[in-house]
Amino acid sequence: MANYQKPKGTQDFFGPRSLKLSYIEKTAREIIKKFGYEEMVTPIFENTEVFIKNVGEGSDIVTKEMYTFKDKSDRSLTLRPEGTAAIARSFIENKIYANGMPHNKLFYYGPMFRYERQQTGRYREFRQFGVEVYGQSTPLLDAEVISTAYMLFNKFGLNDIKLKINSIGDIESRKNYGNKLQDYFGRYIDNMCDDCRRRLGTNPMRILDCKTDKDLIINNVKIMDNVPLINDYLSNESREYFDEVINILDKLKINYEIDFNLVRGLDYYNDVVFEFIITNTSDELNGMALGGGGKYNGMINSMCGIDIPAIGYAIGMERLIAVMDEKQCFNNIIDNTDVVIIGLDFDSKLAGLMLANILRANDITVDMEYSSYTMKNQFKLCDKLNPHFIIIIGENERKTGNYQIKNTLTKKQEEVKISEILDYIKKGML
RNA sequence: GCGAUCGUGGCGAAGUGGUUAACGCUCUGGAUUGUGGCUUCAGCAUUCGUGGGUUCGAUUCCCAUCGGUCGCCCCA
């Protein structure tokens, strides 16, 4: 046998796991539509510059994680590493902003690709469900966007997803704060890690995220404890906006934890940023981000020159499945077979096939064995599928027009006229 | 990009430098030829991720490579 392997970091979904994936996808679609969202489907790949310009030239995603390739006409294309930039591109290219709606609520679902070493909850091909809203900037909307995620978590039976939220301020606030951080960390930088030294010049806010220097103590002072807080450098406008979002979250009874060190790695965010954190699980998953997002008012403007506010988030499907597995949230999603039809000779199987399609057309799940005429083999299929009813057809049944129907729950077997089988089974399934 | 660890049949999992690679589950066939899920008997890896090397001989030692798992970085 040829030794085929799937590419590193990718996955095949089959059996129960594929059932879980489609259950999540279906449920997420249903719920988000209640909020008025429309699905947007964009290409799996985009022109490379869509991501470079919008995710950020300095971001890790762009500098080392993209699947970029040339097509036969020498165009540079990239397998999408995230959803937001592609959705924004489509929003602008199709001039959706001109459709007269005060806001446009969009969601997407599909695979994303990042060239990374895999570990728990991280793959090279992974799936995201995400939402983006364009056109309005108000705390009411921001809080509602966050609440859509919690409606989902709730529906899935997850009660331990912690919301971490912060405001990184508008562009001016960020600049002022960045200067302050450079002053502050500049005093200690000689003792800090290589990454932080690099970040000091390029993106000092990311130092706040550093795991290496998290507990660094210099001159008996834990430097992260005395770091200037973004909160003290927000413009009045940004601060009031953030306070109002928090206020509304309280009203919606969504628990949150304000984390002044939450800054996020994508360049396009401003003001409100947030992450959904997994808690109360195994060590591997605990503290991991199940999803994240924020506002990115500047991105649309930089793409098309029009001021259009934007906010969105994305949730990772593989991580969602992992948490839901641990919390045993998949108890009732098994697809049951309602009926298995047994035929004891070719003509009986043919009669069974015809009956099966009548039942299927009436919303009943039916399966059968196609090549064996022995009872034994066909009952084995029943053992596997565990149907509610087993219909047995043989020569006698064909002659009389009465088929044997066995109810596997009551263990009772009855003869039923062909014309009455549909009703008999429907009644039995209630 | 860096680091750790692992890779034996459909699955789980022992094992050793040397003629037949344990065991459990599953599966296949029979006891039981129109009623299964129990029991019982029998069968199922020319082969130990792949390629090369050492050796009289390697699944077991060495190297490389491809994968899995898990950390760091970053993120979903």
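No experiment lies behind these values; they were computed from the predicted model shown. Quick note on labels: first sequence line is chain A, next is B, and so on, each numbered from 1.
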Suppose we define a pair by two distances each less than 3.5 Å, Watson-Crick or G-U wobble; what does U59(B) pair with here? none
Look at the rings of Y134(A) and F91(A) and say which category their plane angle falls in: under 30° parallel, 30 to 60° tilted, over 60° perpendicular. parallel
Can you tell me, in whole Å, how much space there is between the P of G9(B) and that of C48(B)? 10 Å
Need the pair for G1(B). Rule: Watson-Crick or G-U wobble, both distances under 3.5 Å, any strand; none if unpaired. C72(B)
Quote, to the nearest angstrom, the C1' distance that separates A58(B) from C41(B). 37 Å
Between K64(A) and D60(A), is there a side-chain N and carboxylate O pair less than 4.0 Å apart? yes
Report yes if a side-chain nitrogen or oxygen of T120(A) is closer than 4.0 Å to either non-bridging phosphate oxygen (OP1 or OP2) of U69(B); otherwise report no. no
In whole angstrom, give me the gap between the C1' atoms of A22(B) and U16(B). 11 Å
Within 45° of the ring axis of Y115(A) and under 6.0 Å from its six-membered ring centre, is that where the NZ or CZ of R124(A) lies? yes
I'd like to know if R127(A) pairs up with E318(A) as an ion pair, taking the criterion as any Lys NZ or Arg NE/NH1/NH2 lying under 4.0 Å from an Asp or Glu carboxylate oxygen. yes
Scan every strand shown for a Watson-Crick or G-U wobble partner of U50(B), both distances under 3.5 Å, and answer none if you come up empty. A64(B)
Which word best sums up how the rings of F153(A) and F276(A) line up, parallel for under 30°, tilted for 30 to 60°, or perpendicular for over 60°? perpendicular
Looking at U69(B), I'd like to know if its phosphate oxygens (OP1 or OP2) sit under 4.0 Å from a side-chain N or O belonging to Q119(A). no
Would one find a side-chain N or O of Q118(A) under 4.0 angstrom from OP1 or OP2 of U69(B)? yes
F274(A)-Y256(A) aromatic ring centre distance below 6.0 Å: no
Heavy atoms under 4.0 Å is the rule here; annotate nucleotides 1-9 of chain B 5' to 3' with B where the base is hit, S where only the sugar-phosphate is, and - elsewhere. BBB------
Please list, chain by chain and in numerical order, all residues satisfying salt bridge (charged side-chain N to carboxylate O under 4.0 Å, His left out) with E65(A), sequence neighbours excluded. none
Heavy atoms under 4.0 Å is the rule here; annotate nucleotides 29-45 of chain B 5' to 3' with B where the base is hit, S where only the sugar-phosphate is, and - elsewhere. -----BBBB--------
